[in-house]
4 protein chains.
Amino acid sequence: MQPSSPARPVGRGAKVRAAVHAAALAELVDKGYAALTVESVAQRAGVHKTTVYRRWKDRESLLTDALAEHMATDVPVPDTGSIETDLRALARSLVQAYTSPTGQAVLAAMFTGLPEAAAARRHVFDDRLVRAEPVVTRAVGRGELPADTDPGEVLKTLAAPIYLRLLVTADPVDESTADRAVHVTLAAARAGACGPAR
Amino acid sequence: MQPSSPARPVGRGAKVRAAVHAAALAELVDKGYAALTVESVAQRAGVHKTTVYRRWKDRESLLTDALAEHMATDVPVPDTGSIETDLRALARSLVQAYTSPTGQAVLAAMFTGLPEAAAARRHVFDDRLVRAEPVVTRAVGRGELPADTDPGEVLKTLAAPIYLRLLVTADPVDESTADRAVHVTLAAARAGACGPAR
Amino acid sequence: MQPSSPARPVGRGAKVRAAVHAAALAELVDKGYAALTVESVAQRAGVHKTTVYRRWKDRESLLTDALAEHMATDVPVPDTGSIETDLRALARSLVQAYTSPTGQAVLAAMFTGLPEAAAARRHVFDDRLVRAEPVVTRAVGRGELPADTDPGEVLKTLAAPIYLRLLVTADPVDESTADRAVHVTLAAARAGACGPAR
Amino acid sequence: MQPSSPARPVGRGAKVRAAVHAAALAELVDKGYAALTVESVAQRAGVHKTTVYRRWKDRESLLTDALAEHMATDVPVPDTGSIETDLRALARSLVQAYTSPTGQAVLAAMFTGLPEAAAARRHVFDDRLVRAEPVVTRAVGRGELPADTDPGEVLKTLAAPIYLRLLVTADPVDESTADRAVHVTLAAARAGACGPAR
DNA sequence: AGCTAAGCGAGACGGTACGTCACGTCTTAGG
DNA sequence: CCTAAGACGTGACGTACCGTCTCGCTTAGCT
């Protein structure tokens, strides 16, 4: 009569979930976003199609969920004592994240223009941004940057050229791209261009 | 009405082409990229589906073609005599292009992650870049920027934060966004951060 | 109550069995044969789906079992001393059995063309036939019908037009239908048409 | 030639229709009503599933349509000059129609208890009834049967025992069944039991 | 009265078929 | 000649129900 155990024993559901996530990402890398079938994901995960639909409403939500989970991996926030090396580390880790084959596929998948993905996108980026803000705050504390510097602006200035190359121009992206972004960002921030809006 | 000139290749094909293009863009704005049907485009254009397929290989090429045509509208390149006002004009025109409802739809359509769109994307951006380069060149000539400044880098630095906001974070984009981009870009360029790679 | 034949302690299984039977019939009346779900029957019986499958092999056997149980209700065999009134009573009770809403549903369910149901059908009908035969035998004894009259034939002749209307034509079936069947049957039987095959 | 707008040139649609009908009946004979798949019918007809769904709303309407078409074959109405031989011919043709393997399958399919089939059933039976009525009318004219005989009642009396055996008891049905039905019917009709209701 | 084993609730799962949608191809008429 | 009209093969979609399975809880029935 009474619910003896309030929590439901999830059983092996978690295992299925993980397997499907992994399969989805693998299929993403192999075939790309558009040519990705629920059935092939299910098969790759050793699971039946209907089981997938039991947990995810449709293809979209499966994909966004898998991507969100994938992006949730913690990114280390550097603290070298110098804003330049800190920014360099951030920029390079961003470059690395998206230049692997998997990264490319994930990137392509996240930017499909679908409104569903937009929220996930924004959330992922915001999360990383917030976590990295201390880098700038510390630099301001050390007097490396003007007092009224907006940490978010600095980090967006750092990321912007990298994303531009990844998403718009298809220029090759490597460490020199990261380094150049650092220089631009530092020059702008030191000149006070990352202060409050005017 | 008109005496049909012998061996006229055009026929009324051009009219059909334009009608389909317009219909495609209209559907894009109304329903978005994913929920866009060849049949509905054809119907909206007052044309039969098969006619569309006669002229375009598939949905993809129809869309990219329509978008390419849409983006081909000439963007005026400013020449105010000052790099700051020139850049501001460029940045603001970019912002305007993408903040209208149509612009939003076009933007979303161009960034669908599909490889077919990538080429179109790159081409459009490169084209605009090349046309805008004189702005920077002239500034260098006037001594406003260092002699070894790379015009492309300057313009990418200008565009990057705007695209970042449009595509990644969903921050509101308006004239102040454009102005801030100008400040960042100028600070960086003057500091020599847009010179050749080091 | 009853001696458990397989030497099995019945437990409360009997209660479940009855509840499911009732629920099955109720669902049959509400939704019809085709749109009847094991799960909905189980829910209506306040029992879990698995429990149903523990007792019945599949949907089919549940339904046929429930129907068989339902039909097992004893039909009183009349003995008025006259073959005409006896047959009338039989015919009218048949009509009554199938003109109630429940009767209609049961009828529809029993004639689904499925081979599984065929056996049940046949069994139910044969059973009733055998139990009613004394009616004819007694009439023969009283000299109301020829000596070589086949009781089964008489009763089938009686039932046939009623079933025809129920199953084939959708003519309304009421007491006058029963009475007409009696007249036909008596005329035929008295003329010796229900004797042995020739 | 043809008015282009109102009449649509069916093209080869008719051929598809026939092929699917034939395939449906064949599958019916092979696998029975319940285990009949739209996909297997389509495949057997050398046609794709969606094509079937383009012409028929669902499995049900496909089946009923195919059966209706199948039953539309004209049944010859005998006219031997004697009611007995006429009825015998009718009864035997009925028996023959349902004792072939195909007939069995069709019979089973027509009596699935589904309400959709009910209308078709009724229509088919009524049609045959009306066409056969002259047999009785002529006999009345010849003075073989009472003047107030209801032709429909006679024919239903004839058909009823055959359908009873086919649908309810699973007794074997052959020519002797038909002959017996004739005797019963004649005896009843001559005795005036097929007159107007009393 | 306690221990064991069956019965049951709960629900995930593999599986089959359903009916739908859009794509891109093809054939037939017609202006 | 190009177009309108529309049937078709194709493949994936998302849904519904089937019948199976495993897990604990409850409870019955023997000792």
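Letters A, B, ... mirror the listed sequences (proteins, then strands); counts begin at 1. Owing to the predicted nature of the structure, the values given are computational and were not obtained by experimental measurement.
- Nearest nucleotide to the side chain of A/Val38, out of E/dG9, E/dC18, F/dC13: F/dC13.
- At whole-Å resolution of the value, CG in D/Leu63 and P in E/dC18 are 10 Å apart.
- Whole-Å rounding puts the C/Tyr33 OH to F/dC17 P distance at 15 Å.
- Atom pair D/Gln43:CD and F/dT10:P shows a separation of 11 Å (rounding to whole Å applied).
- A donor N or O paired with an acceptor N or O is found under 3.5 Å between the base of F/dG9 and the side-chain atoms of D/Arg54.
- No hydrogens or angles were tested; on distance alone, a donor-acceptor pair under 3.5 Å links the side chain of C/Thr50 to the base of E/dG11.
- Between C/Gly46 and B/Lys57, it is C/Gly46 whose nearest contact on DNA chain E lies nearer the 5' terminus.
- Residue contacts for B/Leu62: at a heavy-atom cut-off of 4.0 Å it reaches no nucleic acid atom on any strand shown.
- Note on D/Thr37: every side-chain N or O is 4.0 Å or more away from OP1 and OP2 of E/dT16.
- For the pair B/Arg55 CZ and E/dG24 P, the computed distance is 18 Å after rounding to whole Å.
- Counted within 6.0 Å of CD on C/Gln104, heavy atoms from surrounding residues, nucleotides or ligands total more than 12; the atom is thus considered enclosed.
- Using a 4.0 Å heavy-atom distance criterion, B/Arg59 is classed as a sugar-phosphate-only contact.
- Under the 4.0 Å criterion applied to side-chain N and carboxylate O atoms, A/Asp65 and A/Arg17 are assigned as salt-bridge partners.
- If you measure from atom NE2 of B/His48 to atom P of F/dG6, you get 7 Å, rounded to the nearest angstrom.
- Side-chain atoms of B/Lys49 stay outside donor-acceptor range of the base of F/dG6, with no qualifying N/O pair under 3.5 Å.
- Between the side chain of C/Thr51 and the backbone N or O of C/Val47, no donor-acceptor pair lies under 3.5 Å.
- Taking atom CD of residue A/Glu39 and atom P of nucleotide E/dG15, one finds them 11 Å apart after rounding to whole Å.
- Summary of the strand contacts: A/Glu60 and C/Tyr53 both lie near DNA chain F, and taking for each the nucleotide with the nearest heavy atom, the more 5' one is attributed to A/Glu60.
- For the pair B/Arg59 (side chain) and B/Leu36 (backbone), a donor-acceptor distance under 3.5 Å is present.
- Between D/Trp56 atom CH2 and E/dT20 atom P the separation is 15 Å, expressed in whole Å.
- Residues A/Thr112 and A/Ala108 come closest through the heavy atom pair CG2-O, 3.5 Å.
- Whole-Å rounding puts the B/Asp58 CG to E/dA22 C1' distance at 13 Å.
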